[in-house]
2 protein chains.
Amino acid sequence: MNRLPVAERREQLIEAALSVASREGIDGATVRAVAAEAGVSLGVVHYCFRDKDELLRAMAHTITERNLGRGVAEMPESAPARDLVLGVLEELWSNIRATRGPQLLTYELTTTSLRHPELRQVGVDQYVVSWAAAERFLEEVERAAGIVWRVPRHTVARTIIATIDGFSLAWLVDGDDDAAYQGLRLFAEHLASLAVPIDETAMLGTGTTAADEPAADVHPFAAPTVPAGVSALA
Amino acid sequence: MNRLPVAERREQLIEAALSVASREGIDGATVRAVAAEAGVSLGVVHYCFRDKDELLRAMAHTITERNLGRGVAEMPESAPARDLVLGVLEELWSNIRATRGPQLLTYELTTTSLRHPELRQVGVDQYVVSWAAAERFLEEVERAAGIVWRVPRHTVARTIIATIDGFSLAWLVDGDDDAAYQGLRLFAEHLASLAVPIDETAMLGTGTTAADEPAADVHPFAAPTVPAGVSALA
DNA sequence: GTCTATAGTTGGATAGAC
DNA sequence: GTCTATCCAACTATAGAC
């Protein structure tokens with residue numbers, strides 16, 4: 001009944017999709033369910049989106065977009081790397097804990113994207129955005145703590161995302177808050193141990209902020225981790 | 001046509017389910033598809049399994065059972081912790097790389113189990129088995145390397161599984177073998193750094209192999225050390 | 001723009017012949 | 001034990017009235 005410009009209707013439907021999918025799982029997010037959630041009839045959804053895939057893609061895009069927005073807001077001018085790392089991980093964790101459904105949904109989207117070529121880009125985008133956010137965080141820490149990382153930044157970024165994903169998934173299954181928290185704390189310590197004060201590396205003489213001293217066998221100059229055909233963050 | 005005892009038929013069907021699900025994804029593992037894969041007709045599957053859920057549960061059970069079997073085969077009588085850790089992670093990784101489909105399937109099973117109460121136990125079992133395997137491995141390392149871990153064993157075990165899951169998932173998406181390998185190497189170094197020679201802890205006088213001396217601030221109930229300026233990130 | 005009605009698929013589950 | 005035939009539910013997608 002209520003007439004709306006298409007753009008607004010789309011947003012409303014995306015929001016509805018997000019709600020249903022977070023609550024019922026990705027399989028529960030049928031076109032019908034989304035229409036019902038939004039309080040419109042079936043036809044409206046198909047008027048706003050070419051097909052279900054386009055709706056899902058739009059929904060996924062909104063999610064990653066928001067994850068990008070919720071990046072590192074402000075960082076102290078100067079603080080020890082350890083404190084910065086610990087602080088951000090704490091915050092990240094409390095955020096995850098507070099959003100079970102959406103969190104699970106992102107993993108459902110990842111696995112789904114791996115089985116459906118039409119959604120393939122969704123999974124790639126998720127990681128591109130996550131890794132980029134992690135790298136930005138690492139840069140901030142470098143600046144604020146006056147350090148560099150013992151291993152290439154992108155490797156550290158990838159490690160951060162992997163660890164958070166792994167602990168989150170396990171926590172979704174067993175719901176053990178303490179165990180997850182313990183694990184993340186331990187990881188934070190590890191992360192902090194990867195930071196080396198800039199003075200100590202000064203004598204190595206280099207302009208780049210990338211690490212020059214690899215850990216044992218971790219080679220610093222591995223090829224950059226940009227998957228082919230993933231130039232688009234947009 | 002070919003008459004078989006139910007038990008064998010069941011195994012055959014489970015095998016078929018495993019194949020289809022690994023290849024086409026969990027959604028592709030319909031009762032019909034499984035029947036086709038096994039070369040039997042639809043009715044047969046329903047004769048051997050009460051319903052689809054029971055088939056999926058049986059399939060999942062087979063997977064975790066095999067993961068349990070493929071535990072740490074042999075471990076040297078004596079070797080440095082670092083070598084042991086590196087060796088096992090290498091092997092684990094090459095195994096994952098060689099089994100994309102099944103690997104992805106386990107994650108699909110995890111997320112699916114989180115949305116369907118009837119399959120809830122599947123996800124729990126996956127982790128129980130994984131954690132147990134990791135703990136057994138850690139015990140072996142303790143013995144062979146003459147060390148104990150700086151943090152409770154179950155925390156380390158959980159970290160191992162989380163890290164492997166995280167890197168695997170990312171690798172499934174971007175297919176970057178090098179990046180995944182780099183990350184796991186770095187993790188191996190971290191793991192090795194958690195080992196402390198038994199001599200150094202002897203004076204602490206304790207019978208348990210669990211760590212009694214938490215790392216720096218990794219205390220179960222330590223208040224979050226969030227620097228003033230960082231809490232703004234929340 | 002929005003609705004109802006309906007076409008066309010797919011898939012779970014059962015009945016009953018063999 | 002195995003097969004064919006069939007029922008029924010749920011879903012995507014479209015057509016056409018309002």
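Quick note: numbers below take in every heavy atom, side chains included, and nothing from hydrogens, waters or symmetry partners.
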>> Can you work out whether B:Gly39 or A:Ala29 has the more 5'-proximal nearest nucleotide on DNA chain D?
In response: B:Gly39
> Counting only N and O atoms by type, is there a donor-acceptor contact under 3.5 Å from the side chain of A:Gln126 to the main-chain atoms of A:Thr106?
Replying inline: yes
> So, the side chain of A:Thr163 versus the backbone of A:Thr159: is there a donor-acceptor pair under 3.5 Å, distance only?
Replying inline: yes
> Will you find, in the side chains of B:Asp176 and A:Tyr127, an N or O donor that is under 3.5 Å from an N or O acceptor?
Replying inline: no
> Side chains of B:Arg9 and B:Gln12: do they bring a donor and an acceptor to under 3.5 Å?
Replying inline: yes
Go through [options] for me and flag the one nearest to the [X] side chain.
X: A:Val44; options: C:dT2, D:dC3, C:dG1; result: C:dT2
X: A:Tyr47; options: D:dA13, C:dG1, C:dG12; result: C:dG1
X: A:Ser41; options: C:dT2, D:dT2, C:dA13; result: C:dT2

> Got a sec, which pairs hit salt bridge (charged side-chain N to carboxylate O under 4.0 Å, His left out) with one end in residues 16-42 of chain B, sequence neighbours left out?
Replying inline: B:Arg23-B:Glu37
Whole Å only: how far is the [atom1] atom of [X] from the [atom2] atom of [N]?
X: A:Asn2; N: C:dC3; atom1: CG; atom2: P; result: 9 Å
X: B:Asp51; N: C:dT14; atom1: CG; atom2: C1'; result: 13 Å
X: B:Glu11; N: D:dG1; atom1: CD; atom2: P; result: 14 Å
X: A:His46; N: C:dA7; atom1: NE2; atom2: C1'; result: 13 Å
X: B:Leu56; N: C:dG12; atom1: CG; atom2: C1'; result: 12 Å
X: B:Arg50; N: C:dT14; atom1: CZ; atom2: C1'; result: 14 Å
X: B:Phe49; N: D:dG1; atom1: CZ; atom2: C1'; result: 15 Å
X: B:Arg3; N: C:dC18; atom1: CZ; atom2: C1'; result: 9 Å

>> Let me spell it out: for each of A:Val6 and B:Ala33, pick the nucleotide of DNA chain C with the closest heavy atom. Which residue's pick is nearer the 5' end?
In response: A:Val6
Shorter than 3.5 Å, N or O on both sides, protein versus nucleotides 5-11 of chain D: list them out with atom names.
none

> Hey, is CD on A:Glu11 packed in by over 12 heavy atoms from elsewhere, all under 6.0 Å?
Replying inline: no
>> Counting C-beta onward and ignoring hydrogens, is there a side-chain heavy-atom pair between B:Leu172 and B:Tyr107 closer than 4.5 Å?
In response: yes
